[in-house]
Amino acid sequence: LQPFPVAGRSRRAEIASDMHHTCLEPPRMLRHPPAMVHVSFVLFPGFPMLAYALGCAALDTANRLSPEPLFSYDTRIPGHQPVRACNGALVDPGQPNWDGAENVDLVMVLCGDAMPGRIPNGFQAFLSRIAAQDGRLGGVATGALILARIGWLDGADRSLRLLDPA
């Protein structure tokens, strides 16, 4: 998988460059609607609800502000059963399995403070199928550690931001 963000031209970068304008020039209309970018949020127990809600809201807002939808997304959960967020809210999986990897451009793995004892094989196979099609990965909180634990960050330049609690 490529680092996120990546150098080169991903579909996301093409959308951004097609829509780029300065405040001095009027916005240009797209000649051809870009292909829609699909994001899969993968939620592990204790995931940060705020990160999930803000991610979904950002995609929804971009779609509302664009003449054509730019993003679609789904929610996947290892074990395909409802999972609790760090605030106690229960979230159902929108996608009941690991099918459809060919349509996913970006996977965001969200996990709370506790590293899961087991990383499901189906999830790992899902990531492998996305990697085969030049997909992108991101992790929030322990989600980044999950990616590292299963080897997706080995030998690649990645950016981790740590928040100073002070």
Side-chain angles (χ1 to χ4, degrees), residues 1-23 25-78 80 82-83 85-87 89-112 120 122-144 146-147 152-153 156 158-161:
L1 294 179
Q2 299 295 323
F4 182 78
V6 297
R9 302 277 296 174
S10 67
R11 287 197 309 176
R12 185 174 184 188
E14 289 171 12
I15 290 169
S17 85
D18 284 345
M19 296 184 67
H20 175 73
H21 60 64
T22 68
C23 59
E25 28 178 305
R28 317 182 268 151
M29 292 306 292
L30 300 176
R31 288 188 199 148
H32 305 289
M36 190 178 305
V37 173
H38 186 79
V39 179
S40 276
F41 292 97
V42 178
L43 310 179
F44 281 84
F47 70 92
M49 177 57 93
L50 184 59
Y52 175 61
L54 288 174
C56 294
L59 299 178
D60 289 337
T61 299
N63 285 339
R64 275 195 316 276
L65 296 175
S66 173
E68 297 286 329
L70 300 174
F71 300 98
S72 60
Y73 61 90
D74 62 42
T75 302
R76 298 167 189 259
I77 298 171
H80 316 296
V83 67
C86 63
N87 66 352
L90 197 59
V91 176
D92 289 322
Q95 181 71 18
N97 52 45
W98 298 113
D99 294 342
E102 66 279 358
N103 299 319
V104 177
D105 300 292
L106 169 65
V107 175
M108 289 300 298
V109 182
L110 287 77
C111 184
F123 167 65
Q124 294 182 54
F126 177 70
L127 295 180
S128 294
R129 290 193 309 274
I130 292 168
Q133 65 188 29
D134 196 28
R136 308 292 188 256
L137 291 181
V140 175
T142 310
I146 290 172
L147 296 176
W152 285 110
L153 304 182
R158 302 291 191 249
S159 175
L160 293 176
R161 293 184 181 234

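The model shown is predicted, which means the values in this text are computed figures rather than measured ones. For this chain, numbers begin at 1 and follow the sequence in order.
A distance-only check finds a donor-acceptor pair linking the side chain of T142 to the backbone of G112 [under 3.5 Å]. Between the side chain of D105 and the main chain of G135, no donor-acceptor pair closer than 3.5 Å is present. With hydrogens and angles ignored, the 3.5 Å screen pairs no side-chain donor or acceptor of D74 with any backbone N or O of G94. With hydrogens and angles disregarded, no donor-acceptor distance shorter than 3.5 Å links the side chain of R76 to the backbone of L43. Checking side-chain atoms of E102 against main-chain N and O of Q133 turns up no donor-acceptor pair under 3.5 Å.
S72 and M36 get closest at one heavy-atom pair: CB-SD, 3.6 Å. Heavy-atom minimum distance, L110 versus M108: CD1-O, 3.4 Å. Pairing each heavy atom of P120 with each of P78, the nearest pair is CG-CB, 3.5 Å. The shortest non-hydrogen separation linking A51 to V140 is CB-CG1, 3.7 Å. Residues G46 and C86 approach most closely at O-CB, 3.5 Å, considering heavy atoms. A pairwise comparison of heavy atoms in S66 and L70 identifies OG-CG, 3.7 Å as the closest pair.
Summarising the geometry, atom OH belonging to Y52 is positioned 2.5 Å from atom OG1 belonging to T75; distances are rounded to the nearest 0.5 Å. Atom CD1 of I77 and atom CG of D92 lie 7.0 Å apart (nearest 0.5 Å). A distance of 8.5 Å separates NE2 of H38 from CD1 of I130, quoted to the nearest 0.5 Å.
Using a 4.5 Å cut-off on side-chain heavy atoms (C-beta onward), F47 and V42 make no contact. Counting only heavy atoms from C-beta outward, the side chains of L127 and L147 approach each other to under 4.5 Å. Between V91 and M49, some side-chain heavy-atom pair lies under the 4.5 Å cut-off.
Taking D99 as the reference, nothing meets the salt bridge (charged side-chain N to carboxylate O under 4.0 Å, His left out) condition, with sequence neighbours excluded.
By the 30° and 60° cut-offs, the orientation of the rings of F126 relative to W98 is tilted.
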(request) Please assess V83 against F44 for the test side-chain contact (heavy atoms from CB on, under 4.5 Å), listing each intermediate value before the final yes or no. (result) CA-CA 7 Å; V83 67; F44 281 84; over 6 Å; no
(message) Let's go through F41 and L59 carefully: what are the C-alpha distance in whole Å and the side-chain angles of both, what is the deciding distance for side-chain contact (heavy atoms from CB on, under 4.5 Å) to 0.1 Å, and is it a yes or a no?
(response) CA-CA 12 Å; F41 292 97; L59 299 178; 4.1 Å; yes
